[in-house]
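For reference, the structure discussed in these notes is given below.
Since this is a predicted model, take the numbers as computed values, not measurements. We use all heavy atoms of the structure for the numbers below, so side chains are in, but hydrogens, waters and symmetry mates are not.
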Amino acid sequence: YRDKVDALVDYYESIAHAVEELQHCAYNSEKLNELLDRIQKLVDRLNLEGYSNLGNWVAALDRKVESVLSARLQQAVRVWMHEFQNANDDDNNLERELINKKKQRRRGLVDDDTVADGPEADTTKPVLKVLVHEIRIRNQVMYLDPPIEQARASWYHQLHSWLAVVCHLPRVQSTRYDLGLNVHGLADQGQTYSSLLMRMGDDSLERVYEMVETKVKQVGEYVNIWLQYQSLWVLESNYVQTRLGDDLAQWQQILLEIKK
């Protein structure tokens, strides 16, 4: 009996240490998965050794892990928002991406999912892909390449990948082996921490989506300014010369209107 008590104390201290480490470890799936796997293996040993009331104890442990991961998720959203807001400040990344895209175009290979080359990613913050959109003209028609919808899709994909670091983590189970036998092959959202997105306790998730949509709107308004010059590309110069003639006042007036 005393041996089991001593073993239980050791298990408890090891689990408590792993939970504590969850609060401060690097924000990446490898490290977080490693800590949760360590906790799960200790719980499995408790289960195999027949400790009583394990289900209730693991439920309380899961709530504590939820609290830790919820805080990490909130912090992850704030970090992503900060990086998204300041992404345009890094001119080196933008210049590098422009050079890469020109090289790919010359080779006939433009891969929009390729991440720009750069320093090794910092595990404490996301490395957002620099998106390059160009106003192009084909057959005297101006258009944005790639379209603005692709920017929205890319930003959301990068955001969701960043949140998935926590949301796709497996939950600690008190009867993992039994669950493996009973629901093998069945998808169960309750076995991950994806539900934390609905219980974050603040408005950070709403704000990050609003930030992306605001950026999409700003880009769209800027692009529309350039697309207003479409009429200049389809306008025949001979028609303008015939219409305005040598009247300098009319030439000045049309130049002022173009400038506006």
Side-chain angles (χ1 to χ4, degrees), residues 27-30 73-168 187 189 192 194 196-198 200 203-234:
Y27 186 84
N28 62 70
S29 57
E30 291 79 10
L73 194 60
Q74 292 176 19
Q75 177 64 20
V77 172
R78 291 193 291 269
V79 170
W80 197 92
M81 291 172 64
H82 179 268
E83 293 301 309
F84 185 75
Q85 284 180 320
N86 296 280
N88 295 332
D89 296 339
D90 195 341
D91 295 333
N92 292 330
N93 282 343
L94 179 59
E95 183 178 358
R96 189 185 306 113
E97 182 66 14
L98 286 170
I99 294 173
N100 289 340
K101 190 167 185 179
K102 289 179 181 179
K103 290 180 180 178
Q104 291 174 344
R105 184 177 294 120
R106 283 197 295 268
R107 294 194 297 263
L109 300 171
V110 179
D111 184 2
D112 294 323
D113 294 330
T114 302
V115 178
D117 296 332
E120 185 177 354
D122 186 347
T123 56
T124 62
K125 63 182 180 180
V127 179
L128 301 184
K129 181 184 184 300
V130 177
L131 305 179
V132 177
H133 295 260
E134 299 174 321
I135 300 292
R136 308 188 71 181
I137 300 175
R138 179 177 295 173
N139 298 326
Q140 291 188 323
V141 176
M142 300 177 67
Y143 64 97
L144 183 67
D145 180 41
I148 188 62
E149 290 77 11
Q150 187 165 331
R152 177 191 282 113
S154 177
W155 287 331
Y156 280 146
H157 174 71
Q158 294 179 75
L159 172 61
H160 295 164
S161 297
W162 184 244
L163 299 180
V165 171
V166 164
C167 293
H168 288 178
Q189 293 184 352
T192 67
S194 57
L196 288 179
L197 289 174
M198 308 300 296
M200 291 182 60
D203 62 344
S204 57
L205 195 59
E206 291 82 358
R207 287 191 293 115
V208 71
Y209 278 100
E210 290 175 0
M211 180 181 295
V212 172
E213 290 302 322
T214 299
K215 180 66 71 175
V216 170
K217 182 179 179 182
Q218 292 173 347
V219 174
E221 291 173 350
Y222 179 76
V223 170
N224 287 335
I225 293 175
W226 283 95
L227 296 183
Q228 290 175 359
Y229 294 102
Q230 170 68 48
S231 58
L232 296 179
W233 292 98
V234 299

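- Taken to the nearest 0.5 Å, the CG atom of Asp203 stands 8.0 Å off from the CD atom of Glu210.
- Side-chain N or O atoms of Ser161 include one that pairs as donor or acceptor with a backbone N or O of His157 at under 3.5 Å.
- Taking all atoms of both residues into account, the shortest heavy-atom contact from Asn28 to Val165 is C-CG1, 3.7 Å.
- Annotation for Cys167 and Leu197: closest pair SG-CG, 3.6 Å, computed over non-hydrogen atoms.
- Interatomic distance, Tyr209 OH to Met81 CE, rounded to the nearest 0.5 Å: 12.5 Å.
- Note on ring orientation: taking the six-membered ring where Trp is involved, the planes of Tyr156 and His160 are parallel (angle under 30°, cut-offs 30° and 60°).
- The CH2 atom of Trp162 lies 8.5 Å from the CD atom of Glu83; values are rounded to the nearest 0.5 Å.
- In this structure, His133 contributes its side chain and Pro146 its backbone to a donor-acceptor pair below 3.5 Å.
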Can Met142 and Leu227 be said to form a side-chain contact (heavy atoms from CB on, under 4.5 Å), step by step? CA-CA 6 Å; Met142 300 177 67; Leu227 296 183; 3.9 Å; yes
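- Atom-to-atom distance recorded for Arg207:CZ and Met211:CE is 7.0 Å, nearest 0.5 angstrom.
- The minimum heavy-atom distance between Val79 and Pro126, with the atom names listed, is CG1-CD, 3.6 Å.
- In this structure the side chain of Val223 never reaches within 4.5 angstrom of the side chain of Ile148, judged on heavy atoms.
- A distance of 7.5 Å separates CG in Leu159 from CG in Leu205, rounded to the nearest 0.5 Å.
- Here the shortest heavy-atom pairing between Tyr27 and Val166 reads CE1-CG2, 3.6 Å.
- Two residues are said to be in side-chain contact when any heavy atoms from C-beta on lie closer than 4.5 Å; Leu163 and Trp80 fail this criterion.
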Evaluate Phe84 against Val208 for side-chain contact (heavy atoms from CB on, under 4.5 Å), listing each step before the verdict. CA-CA 9 Å; Phe84 185 75; Val208 71; over 6 Å; no
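- Using a distance-only test at 3.5 Å, with no hydrogens or angles considered, a donor-acceptor pair links the side chain of Gln158 to the main chain of Lys129.
- In this structure, Arg152 and Glu213 have side chains that are in contact, with non-hydrogen atoms separated by less than 4.5 Å.
- Rounding to the nearest 0.5 angstrom, the gap separating the OH atom in Tyr143 from the CZ atom in Arg138 is 3.5 Å.
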